[in-house]
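In listed order, ligands and their atoms are each counted from 1. These numbers come from the heavy atoms of this one structure, side chains and all, not from hydrogens, waters or symmetry mates.
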Amino acid sequence: MATPAQIEAQTPTDFLPLKGTDHVEFYVGNARQAAYFYRAAFGMSLIAYAGPETGQRDRASYVLQQGKVRFVLTTALRPDSEIARHVHTHGDGVRAIALWVDDARQAWIETTSRGGRSVQEPTEFSDAHGRVTTASIAAYGDTIHTFVERTHYTGAFFPGYRAVEHDIVARPVGLLHIDHMVGNVGWNSMNEWVDFYARVMGFSLYQHFDDNDISTEYSALMSKVMANGNGYVKFPINEPAEGRRKSQIEEYLDFYHGPGVQHIALATANIVDTVAKMQQQGVEFLTIPHSYYTELQHRVGKVDEPVEELEKLGVLVDRDDEGYMLQIFTKPVEDRPTVFYEIIQRKGSRSFGKGNFKALFEAIEREQELRGNL
Ligand code: FE2
């Protein structure tokens, strides 16, 4: 079977060494209630809070964690705030993809000297638990990258946050870490952003897909996956491609009102168990037709998981030279058809499920049709 073009990251000197994703910050309309959804449905634990009670007058932030996945949900307390404006324009969505570094000031210098636009100069925050330094640069749309240096910080999250000791709501489902985060950008903009990640952040092309790989009867898209030097951070970038009807990427751009994060892929070591729990806790996933599973064994060969189990849950499978991977996609988690999640389990394969694109996009189009957006 065809294997995606894989290009190893070979940066001789990595000018932006990343230790991984520190957290993802969402701007939302009602952080208290959004936090409840991620705790009850995704099983994340509330570990820290900042708001008026902690001296933060204009916003409230809830920090949620499961494994190494850390989300911050932030809402505005006043109308005249950049958070309120972000929510007004985009609905609930990702504002900051925060990357963990040893030296935030250096990360900011290296990226801004290569053409990155500064959003926040290096700033130090401290409390009794130590110091955290952050700095931010602009990415696609209103999305930013924040560099977080927290080397000796021993508090729950950031200075100014109050630790939450025990979460009685959280029902963990085995989520381990972020596998990749996908950005949707506008028509013919993919290469501009691929160039941004290469030039400003020192990333390399990891895999790419064209509209022959990713098209159905109706709609198409193009995608390139950029990865940092050690491969811990992977950002696929999608742009819409011409099809007979509206691409899922166009639908996103219309409702998000511009480029932004499309989906976050969360890794698990047992996708059958994780997805069964999430479904029980009310997370809605895309459904896959029976025919996909009758052809599955023929397409990918033997897999450890019983095919009946995979079909019952709607889990997709793809194989390459190195092994196989299992994946499933939620429906959008807001009323606007924008951000959704992927749950992924890798068993050797480093692919992004190219063999599933057709089945997956047909499932997405069935949902687009129901929304009247196809
Ligand atoms: Fe993905």
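- Cation-pi contact between R114 and F15: present, with separation from the ring centre below 6.0 Å and deviation from the ring axis of at most 45°.
- In this structure, the side chain to side chain contact (heavy atoms under 4.5 Å, CB included) partners of K312, at least two apart in sequence or on a different chain, are E309.
- Screening residues 266-277 for side chain to side chain donor-acceptor pair (under 3.5 Å), with sequence neighbours left out, gives T268-T274, D273-K277.
- The aromatic rings of F235 and Y197 lie tilted to each other, with the angle between the two planes from 30° to 60°.
- Of all protein atoms, those that are N, O or S and lie under 2.8 Å from the Fe ion (ligand 1) total 3.
- With respect to the salt-bridge test (charged N to carboxylate O, under 4.0 angstrom), the residues K234 and D179 do not qualify.
- In this structure, D58 has no side-chain hydrogen bond (donor to acceptor under 3.5 Å, both in side chains) partners at least two apart in sequence or on a different chain.
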